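What follows is a single structure, written as C-alpha cells, with notes after it.
Quantities reported herein were computed from a predicted structural model and do not represent experimental measurements. Naming: A, B, ... by sequence-line order, numbering from 1 per chain.
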Amino acid sequence: MNMLPLRGLTVLEFSQYLSGPSAGLRLADLGARVIKIERPGTGDACRRLSIKNLWVDGDSLLFHTINRNKESFTADIKSPEDRTILRRLIERSDVLTHNFRPGVMESAGLDYASLKTVNPKLIYGAISGYGNVGPWKDRPGQDLLLQSMSGLAYLTGNERDNPMPFGLSIADSLCGAQLVQGILAALVRRTKTGQGALVEISMMETLLDFQFELLTTYHSSGRLPQRSAVSNGNPLLSAPYGIYSTADGHIAIAMVNIPQLAKAIGSGELAGYTQEQAFSHRDEIKAVLTRHLTGQASGYWLERLHAEDMWAMEVLDWKRLTEHDGYRCLQMEQSLTTTRGKSLLTTRCPIRLNGERLFSGKPAPALGQDNEKIVMELLK
Amino acid sequence: MNLLQDIIVVDFSQFLSGPSAGLRLADMGARVIKIEKPGTGDICRQLYVSDTRIEGESTIFHAINRNKQSYAADLKNAEDLEKVKQLIRQADVVIHNFRPGVMERIGLDYATVKALKPGIVYAEISGYGNEGPWKDLPGQDLLVQALSGLTWLSNNRDARPTPMGVSVVDILAGTYLAQGILAALYRNGISGESTLVQVSMMEAVLDFQFEVLTCHYNDGRQLPVRSSLSNGNAYIPAPYGIYKTKEGYLSLAMGEIPKLGQLLACPELMEFTDRAEWFDRRDEIKEILTKHLQGRSADEWLSILEPADVWCAKVMDYQDLMTQVGYKVLNMELEVKTSNGLAVRTTRCPIRVDGQVSVSDRGAPLLGEHNQLINKQFGLGIA
C-alpha cells in the first residue's frame, strides 16, 4: 500500500493499558503518526504489566504488542511547563485520545472545552468505564468487572455453570475499536466542514451494544437468556449449535437441520426429533448428540457432515491452527525488531486495503525516545 | 449525529457481520440502503433464532437493521441489475459478504464497480480470505471461533473447548470493516481515488487474540492453560475470576492476595506473599477463595472490598442490571418504530459525538419498502 489512508494525520495518545492504546494501534496501522504522551519515569502503566512474565527491552511483551508502530513523548500533565509544550503539540495535531477517569484531563486543563480553543479542528476521543455521570462513573473501568456487571457473564458456559466471563478482554478491545470508528467518522466530517469533534465512548455502553441481539430479544420476550445445559454455544440458538467431543477431539456444529443431521450421522435416536423441536428440546437433542458423537473420530464425522454441506468444523488449538495452510496463507504474523535489536513475532492489522496486507515493522517506542525530535519539530 | 451526513451506502450483505457494519454507519448519519432479494430478502429476516419473533421476523433482524432502507432487486434480472448499477453510480460505499466469486458472477466485482463509480469504497467480508484451503467454507461465527483457537480461552481447564456466547467474530469483523470503510472515505474525500477494503472473519478473530497470540509466538509456542476453577483469563494470576457466594456471584479482578486475605479475614491467603505464586499457585488460591466466599453474600463482601478500592463487582443478569441507576443514566435503550407501526425496544449506538447520542427512531425496513422512493430520488430505471 503506497498511500495509507491516514497518512499525514497526527494522533496524541494519552491513553494507557489496552482500550485506548488498541485504538491508537489501529490508527497507526492505517497510516497515522501516533505519539504516546507518557508520564516521565514510568510511562504507560502497561509497560510494567506482563503476562507469563515475558519482557522485552525492559518493558512487558504486552506493551510491545499493543504499542508497536508508535512514538513516545514524555510529559507531566501536572507540570505547567510541560502543559505549555503539550498545548503547542495539540495545536498541530489532528486527534487526541485518553482513557483517564472522569476529571483528570479537566484538572490538567486538557479537556475538550479548553482544547477546542487551542485547536478547533481537533478530534478528541475519550474512553471511560461507565460514562461521565451516575453512581458508577468513578469505578475502575476494568474488563472482567464490566463483563460481570453488563450481563455478559450469563451467556457463555452451560446452564449449571457459574456465570462465566469471556477469556479475553472483550470490553477493552471493542471499546477501542468503537472509538476508532467515531474518530474516523469525525475526520470524514472535518474534511467537509472543518469542524472538530468530541467523541466519547464508555466500556459499559460498548458491552451493551455488543449484546444488542440478546438485549433486543430480552426486551421483546421479557425472558432472560437461557444457556443450554449441554454444549451451550449461544443462548439464542437452537440445537445443535455448540461444541461436541468426539473419539479423538472436538467438533463444532452450527445451524443444521435436525432430521438431516440425524441422517448424516446415522443416529436413529436423533431421527425421533423434528426441526420444530430444535429449540424447545435443545438440551435433550444435544444430549443425544453428545452420546452419539463420542463413538467416532472428528474426521469421520466431518466427512459425513461436509458431504451434505452441513456447517461443521474441527476445533483447533493454536498449535494445529498455526501449522495449517488455511492459517499460513493469511500471513497474519509479522516480525518486529525492537529499538535494542531484539526480534519478536506479533500479528498484523486485520484490514486489507486494495488487496494488500498492512504490515509495519516499526517497534514499540522506548519511554521518551522521541522527545528531542518532537521538540525540534515544534521549534520549526 | 450527522458525522456521515450525505454518505450513501449500498449494502448487499446479509446476516450479521456486514449488516452490523452498515448499522454503525447508519448510526453515525449515513443513508444505508439494503439491497435484498425479492420475496425472501436478507436471510436473517427468517433466521430461526430462539423462539422470539417480531411480526414473523426474528428479533435479531430488527436489532441489526434499524435505521436502514430496503430496496428489493433480483440481481439475476438485467433490468434490476441496471437499476442497482445506477444507484451505485450515486453512492459512496458498497458492502457485501458473499462468498468469493459471487459478486464476480453477478458483475458487481470491485473492478467493475470502480469503473462505474470512481472514488467508491468497496468493502467485503469473507470467512477466511480469498485464498487457501478454507476460502469456500461458510464464514460462520461458531465455526470460525472453533478453528481460531479462541475456544481454549474461556471456561475451566477440564471443560470442553467453550465458545464465547455472543457472535463475537461477526461483530468484530463488521467493526473492522467499518473502520476500513471510514479510513478509506476519509482518504477518498481528499484524493478522489477508489479503495477496496477487505476483512475476513478469521483475520478479525486472530486480531482479537493479538495479545495472547503474541505471547504464544514468543514463549516457545506454549498453549494456554486455563485455571481449573473460576477461570477468568488463562494468562492472569489469581484472584481473576467469578466466585459463588452465599448469595449471588462476586467478580474479582487483579488484586494483592495478602491484602485480600486481610480484608476478607481469610488467614490462609495471607501466606501468599510472593507475587509469582499468584500465578503459579492460582488454582490453590482460587480454591481457598471459593470456600471462604461461601460464608457471606456478594453484597456483604462488596461492602468490605469496595471501600478498600479492591477491583471487584457484583455479577448481574439483565434483570439486575436494568434496575441499576448506573445503567439507567446511560439511556442505552432506544425504541424504534417500523413503518407499519410496530415498536421495538433495542439498544442505541454506543458512540457519543459532541455530547449527543443518536436517537433515530426508524425501525428496520419492510422488504422492498423503499423501492419507489429510491427509484424516484435516484432516477433509477429511467434510460
Top contributor to chain A interface from B:Gln222, B:Lys244, B:His216, B:Arg348 [non-hydrogen pairs under 4.5 Å]: B:His216
Portion of B:Tyr240 that has a non-hydrogen atom of chain A nearer than 4.5 angstrom: both
Pairs of heavy atoms under 4.5 Å with chain A: top-ranked of B:Ser167, B:Ser154, B:Gly132: B:Ser154
Residue part contacting chain A, namely of B:Thr175, when any heavy atom lies under 4.5 Å: both
A:Arg68: partners by salt bridge (charged side-chain N to carboxylate O under 4.0 Å, His left out), with sequence neighbours left out: A:Asp29
Interface moiety of A:Arg26 toward chain B, non-hydrogen atoms closer than 4.5 Å: side chain
Part of B:Ile171 within contact of chain A (heavy atom distance under 4.5 Å): side chain
Partners meeting salt bridge (charged side-chain N to carboxylate O under 4.0 Å, His left out) with B:Arg226 (sequence neighbours left out): none
Contact check, side chains of A:Leu321 and B:Leu206, non-hydrogen atoms, under 4.5 Å: yes
A:Leu62 versus chain B, the contacting section by heavy-atom distance below 4.5 Å: side chain
Ring geometry between B:Trp152 and A:His250 (parallel below 30°, tilted from 30 to 60°, perpendicular above 60°): perpendicular
Residue among A:Ala186, A:Gly196, A:Gly131 with most heavy-atom pairs under 4.5 Å to chain B: A:Ala186
Interchain contact, A:Ser245 with chain B, by part (heavy-atom threshold 4.5 Å): both
Contact class of B:Val144 relative to chain A, heavy atoms under 4.5 angstrom: neither
Heavy-atom side-chain proximity of B:Tyr186 to A:Pro5 below 4.5 angstrom: no
B:Phe208, part contacting chain A, at a heavy-atom distance under 4.5 Å: both
A:Ala185 versus chain B, the contacting section by heavy-atom distance below 4.5 Å: both
Under 4.5 Å from a heavy atom of chain A, the part of B:Lys314 involved: backbone
Most chain A-contacting option - heavy-atom pairs closer than 4.5 Å, from B:Lys135, B:Glu131, B:Lys328: B:Glu131
Residue part contacting chain A, namely of B:Asn231, when any heavy atom lies under 4.5 Å: backbone
Which of A:Asn132, A:Leu54, A:Leu27 touches chain B most, by non-hydrogen pairs under 4.5 Å: A:Leu54
Any donor-acceptor N/O pair, B:Gln179 side chain to A:Ala177 backbone, under 3.5 Å: yes
Which atoms of A:Gln181 approach chain B - backbone, side chain, both or neither, heavy atom under 4.5 Å: both
Heavy-atom pair count under 4.5 Å with chain A, highest-scoring of B:Gly189, B:Gly149, B:Pro161: B:Pro161
Contact check, side chains of B:Met332 and A:Met204, non-hydrogen atoms, under 4.5 Å: no
Proximal component of A:Ser173, with respect to chain B [non-hydrogen, under 4.5 Å]: side chain
Chain B contact via A:Leu146 - which portion, at a heavy-atom distance below 4.5 Å: neither
Closest contact, heavy atoms only, B:Tyr318 versus A:Leu155: OH-CD1, 3.9 Å
Engaged part of B:Glu193 at the chain A interface, taking heavy atoms whose separation is under 4.5 Å: neither
Non-hydrogen side-chain atoms of A:Leu208 and B:Pro350 separated by less than 4.5 Å: no
Contacting moiety of B:Leu16, where chain A heavy atoms sit under 4.5 Å: side chain
Closest heavy-atom pair and its distance - B:Met202, A:Leu330: CG-CD1, 3.5 Å
Backbone of A:Leu345 reached by a side-chain donor or acceptor of B:Asn218 within 3.5 Å: yes
Under 4.5 Å from any heavy atom of chain A - which part of B:Leu334: neither
NZ (A:Lys192) with more than 12 external heavy atoms under 6.0 Å: yes
Ionic contact status for A:Arg352 with B:Glu203, cut-off 4.0 Å: yes
Region of A:Tyr327 in contact with chain B, defined by heavy-atom distances below 4.5 Å: both
Heavy-atom pairs under 4.5 Å with chain A, option from B:Asn233, B:Ile242, B:Thr347 with the top count: B:Ile242
Proximal component of A:His306, with respect to chain B [non-hydrogen, under 4.5 Å]: neither
Toward chain B, the part of A:Thr322 with a non-hydrogen atom under 4.5 Å: side chain
Side-chain touch A:Leu144/B:Trp311, heavy atoms, less than 4.5 angstrom: no
Side chain / backbone / both / neither for B:Gln145 at chain A, heavy atoms under 4.5 Å: neither
Check: B:Phe210 and A:Thr65 side chains under 4.5 Å, non-hydrogen atoms: yes
Partner chain A: residue of B:Asp309, B:Leu172, B:Asp219, B:Ile190 with the largest heavy-atom pair count (under 4.5 Å): B:Asp219
Region of A:Phe166 that comes under 4.5 Å of a non-hydrogen atom in chain B: both
Side-chain (B:Asp354) to main-chain (A:Leu198) donor-acceptor, under 3.5 angstrom: yes
Within 6.0 angstrom of A:Lys52 NZ, more than 12 heavy atoms from elsewhere: yes
Under 3.5 Å: donor-acceptor pair, side chain of A:Asn354, backbone of B:Leu196: yes
Region of B:Leu23 that comes under 4.5 Å of a non-hydrogen atom in chain A: side chain
Structural part of B:Ile64 lying under 4.5 Å from a heavy atom of chain A: both
Flag side-chain contact, heavy atom, 4.5 Å: B:Met28 against A:Arg189: no
Nearest heavy atoms of A:Arg139 and B:Cys312, plus distance in Å: NH2-O, 2.8 Å
Shortest non-hydrogen contact between B:Pro163 and A:Ile243, atoms and distance: CD-CD1, 3.7 Å
Heavy-atom contact with chain B under 4.5 Å, split by part of A:Leu344: both
Most chain B-contacting option - heavy-atom pairs closer than 4.5 Å, from A:Ile253, A:Leu61, A:Thr191: A:Leu61
Contact class of A:Ala32 relative to chain B, heavy atoms under 4.5 angstrom: neither
B:Gln319 portion near chain A, given a 4.5 angstrom heavy-atom threshold: both
Which of A:Thr206, A:Leu207, A:Asn162 touches chain B most, by non-hydrogen pairs under 4.5 Å: A:Asn162
Heavy-atom side-chain proximity of A:Leu353 to B:Arg187 below 4.5 angstrom: no
Segment of A:Arg320 engaging chain B (4.5 angstrom heavy-atom cut-off): neither
